[in-house]
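Notes follow the structure.
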Amino acid sequence: YTLLKDIYRQQHDYLDKTVKISGWVRTIRSSKSFGFIEINDGSFFKNIQIVFDESLSNFEEVSKYPISSALSIEGTLVETPNAKQPFEIKAEKIELEGVSSQDYPLQKKRHSMEYLRTIAHLRPRSNTFSAVFRVRSLAAYAIHKFFQERGFVYVHTPIITGSDAEGAGEMFRVSTLDLLNVPKTEGGKVDFTEDFFGKETNLTVSGQLEAESYALAFRNVYTFGPTFRAENSNTARHAAEFWMIEPEIAFADLKDDMELAEDMLKYIIEYVLENAPEEMEFFNSFIDKGLIERLTNIVNSDFGSITYTEAIELLEKVKDRFEYPVEWGCDLQTEHERYLTEEVFKKPVFVINYPKDIKAFYMRLNDDNKTVAAMDLLVPGIGEIIGGSQREERLEILEKRMEEMDLDKREYWWYLELRKYGGTKHAGFGLGFERAIMYLTGMSNIRDVIPFPRTVNSAEF
Ligand code: 4AD
Ligand code: MG
């Protein structure tokens with residue numbers, strides 16, 4: 001078969017020649033003596049129009065094929081200078097590969113995103129989701145390309161883990177025990193000695209701690225894998241299962257970390273604009289007007305940067321407009337983040353040096369003893385898409401911090417040893433892949449940028 005991707009990209013090789021394609025009917029209309037089929041073969045975002053007429057021996061049947069039937073078609077590719085599409089295929093032979101039922105749920109009319117979520121197994125056949133998941137695939141490739149070109153080593157960190165990388169206790173437990181009927185110890189805790197691993201294990205919330213261990217051997221590394229959070233956040237930007245990209249760089253500080261994050265994000269945007277022009281044009285017209293211009297501006301300008309303390313001062317001046325209170329020491333809510341990036345900076349902005357008490361144990365303590373060398377990257381329309389920091393490399397300070405935060409040092413013994421054997425300054429960050437895709441496509445709900453979303457009360461597929 002000839003693929004639509006090749007017909008569109010190298011049309012001169014195919015014009016006025018016989019091509020044989022296969023694909024699924026998107027629309028079909030016919031009159032007594034001729035008809036049109038729009039077909040998509042999966043290899044390209046756009047459809048191609050097939051013209052057929054009575055010269056086909058099976059004209060009557062073809063006219064009645066339901067939408068989404070799978071066909072193979074032989075015909076001549078001809079130019080159509082006055083039509084919307086640059087060319088079409090004049091069919092000489094149409095064969096049925098797999099018929100569709102008349103009750104196919106994705107008819108031509110527009111459906112709501114909510115409805116499409118209920119048919120997550122069919123939605124990749126719609127224009128919107130075809131564009132989203134092509135861009136998702138390309139963005140994943142761009143990320144690997146970015147890091148590999150810079151010599152970063154890709155590390156596969158474990159999915160099942162005994163340590164809580166964020167120390168936040170938001171983990172899904174992995175167990176082979178029947179947790180409802182298992183003996184409890186004195187303190188009411190489940191006795192895991194009979195479990196597969198003989199200890200409590202969980203699905204990873206982040207590969208960072210293991211990535212740090214590899215950065216202290218390979219210097220520059222990154223992870224790219226699924227992560228899991230049992231946080232009860234029913235929002236448009238939280239999922240229980242999401243993918244994260246976590247670079248970790250040795251002999252590097254917070255400034256190096258921010259530079260890397262900015263370079264990476266610009267690289268992904270440029271790659272997608274260049275390699276998915278049809279999809280991006282679609283988002284720009286139907287999902288988020290002005291998207292392409294906005295993304296182009298981002299590539300061509302510097303990200304902003306502000307300290308947490310300065311950000312709080314700005315927010316306090318307009319505190320009446322927020323639902324949540326603002327004062328030094330509070331965590332920034334989405335409404336605060338969006339105000340900073342959408343109204344103050346109007347572009348991506350790093351907020352740095354957060355109070356230590358609202359950040360994870362591993363972040364490096366600043367000289368003021370109150371803040372840590374943290375950075376969050378906020379972007380318009382979403383808020384936080386990256387969270388990162390310089391890591392605490394000083395063993396005594398790290399241990400003291402863990403004690404303050406009531407973390408069991410024995411659980412993190414190997415992480416602490418990294419500080420003992422040539423621990424050096426290092427930094428890293430995590431990019432939420434779905435949030436990056438939302439940003440690239442203008443899609444407004446995380447459920448619509450991951451094929452089978454796992455969010456509160458949704459695991460049907
Ligand atoms: O800010 P977070 O929690 O940082 C970490 O996990 C660090 N260990 C990263 C590092 O320094 N290596 O998460 C990083 C990013 C967030 O900025 C957000 O984009 C995304 O991961 N994220 C989520 N995305 C979707 N659903 C959720 N529930 C998410 N939680 C975090
Ligand atoms: Mg964060």
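All ligand and atom numbering here is 1-based and tracks the order in the structure. Both backbone and side-chain heavy atoms feed into the values below; hydrogens, waters and symmetry mates do not.
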Could you tell me the residue and atom name of the protein heavy atom closest to [atom], and the distance to it rounded to 0.1 Å?
{"atom": "atom 28 (N) of ligand 1", "value": "E231 OE2, 2.6 Å"}
{"atom": "atom 15 (C) of ligand 1", "value": "G430 O, 3.6 Å"}
{"atom": "atom 26 (N) of ligand 1", "value": "A239 N, 3.0 Å"}
{"atom": "atom 17 (O) of ligand 1", "value": "E384 OE2, 2.6 Å"}
{"atom": "atom 19 (O) of ligand 1", "value": "I385 O, 2.8 Å"}
{"atom": "atom 20 (C) of ligand 1", "value": "G432 CA, 3.6 Å"}
{"atom": "atom 12 (N) of ligand 1", "value": "E246 OE2, 2.7 Å"}

Checklist line | ring pair (Phe, Tyr, Trp, His ring centres under 6.0 Å) involving Y154 - partner list, sequence neighbours excluded | finding: H144, H156, Y222

Note to self: Keeping to distances under 2.8 Å, can you name the protein N/O/S atoms close to the Mg ion (ligand 2)?
What the structure shows: E384 OE2

Part of [X] within contact of ligand 1 (heavy atoms, under 4.0 Å):
{"X": "I386", "result": "backbone"}
{"X": "R391", "result": "side chain"}
{"X": "H238", "result": "both"}

Is [X] in contact with ligand 1, taking contact as a heavy-atom separation below 4.0 Å?
{"X": "S389", "answer": "no"}
{"X": "A165", "answer": "no"}
{"X": "E434", "answer": "no"}

I'd like to check which ligand 1 atoms, numbered from 1 as shown, lie under 4.0 Å from a non-hydrogen atom of [X].
{"X": "G388", "answer": "11 (O)"}
{"X": "I446", "answer": "25 (C)"}
{"X": "G387", "answer": "1 (O), 9 (C), 10 (C), 11 (O), 17 (O)"}

Next item on the list: Answer yes when R294 and E342 have at least one side-chain N-carboxylate O distance shorter than 4.0 Å, and no when they do not.
Entry: no

Item checked: Test: E212 and R419 ion pair at under 4.0 Å -> yes

Check: Are the ring centres of Y415 and Y362 closer than 6.0 Å?
Finding: no

Item checked: Y339-F322 aromatic ring centre distance below 6.0 Å -> yes

First locate atom [atom1] of [X], then atom [atom2] of [Y], and finally report the distance between them rounded to the nearest 0.5 Å.
{"X": "W243", "Y": "E241", "atom1": "CH2", "atom2": "CD", "value": "8.5 Å"}
{"X": "M258", "Y": "S305", "atom1": "CE", "atom2": "OG", "value": "4.0 Å"}
{"X": "K346", "Y": "L340", "atom1": "NZ", "atom2": "CG", "value": "12.0 Å"}

Check: If we ignore angles and hydrogens, is there a donor and acceptor under 3.5 Å between the side chains of T371 and N366?
Finding: yes

Quick one: which of [options] has a heavy atom closest to [atom]?
{"atom": "atom 24 (N) of ligand 1", "options": "Y222, F429, F242, Y362", "answer": "F242"}
{"atom": "atom 8 (N) of ligand 1", "options": "E166, R454, R237", "answer": "E166"}
{"atom": "atom 2 (P) of ligand 1", "options": "M363, Q208, R229, E212", "answer": "R229"}
{"atom": "atom 13 (O) of ligand 1", "options": "E248, R435, E170, M244", "answer": "M244"}

Item checked: Min side-chain heavy-atom separation N220-F152 under 4.5 Å -> yes

Item checked: M443 side chain reached by V132 side chain, heavy atoms, under 4.5 Å -> yes

Notebook entry, point to check: How are the rings of Y271 and Y267 set to each other: parallel, tilted or perpendicular (split at 30° and 60°)?
Noted result: parallel

Item checked: Candidates N202, L203, V174, V205 - the one meeting side chain to side chain contact (heavy atoms under 4.5 Å, CB included) with F228 -> L203

Item checked: Cation-aromatic face contact R150/F146, 6.0 Å, 45 degrees -> yes

Next item on the list: Might you point out which heavy atoms bring E210 and W414 nearest each other, and give the distance in Å?
Entry: N-CH2, 3.8 Å

Item checked: S163 side-chain N/O to A165 backbone N/O, donor-acceptor pair under 3.5 Å -> no

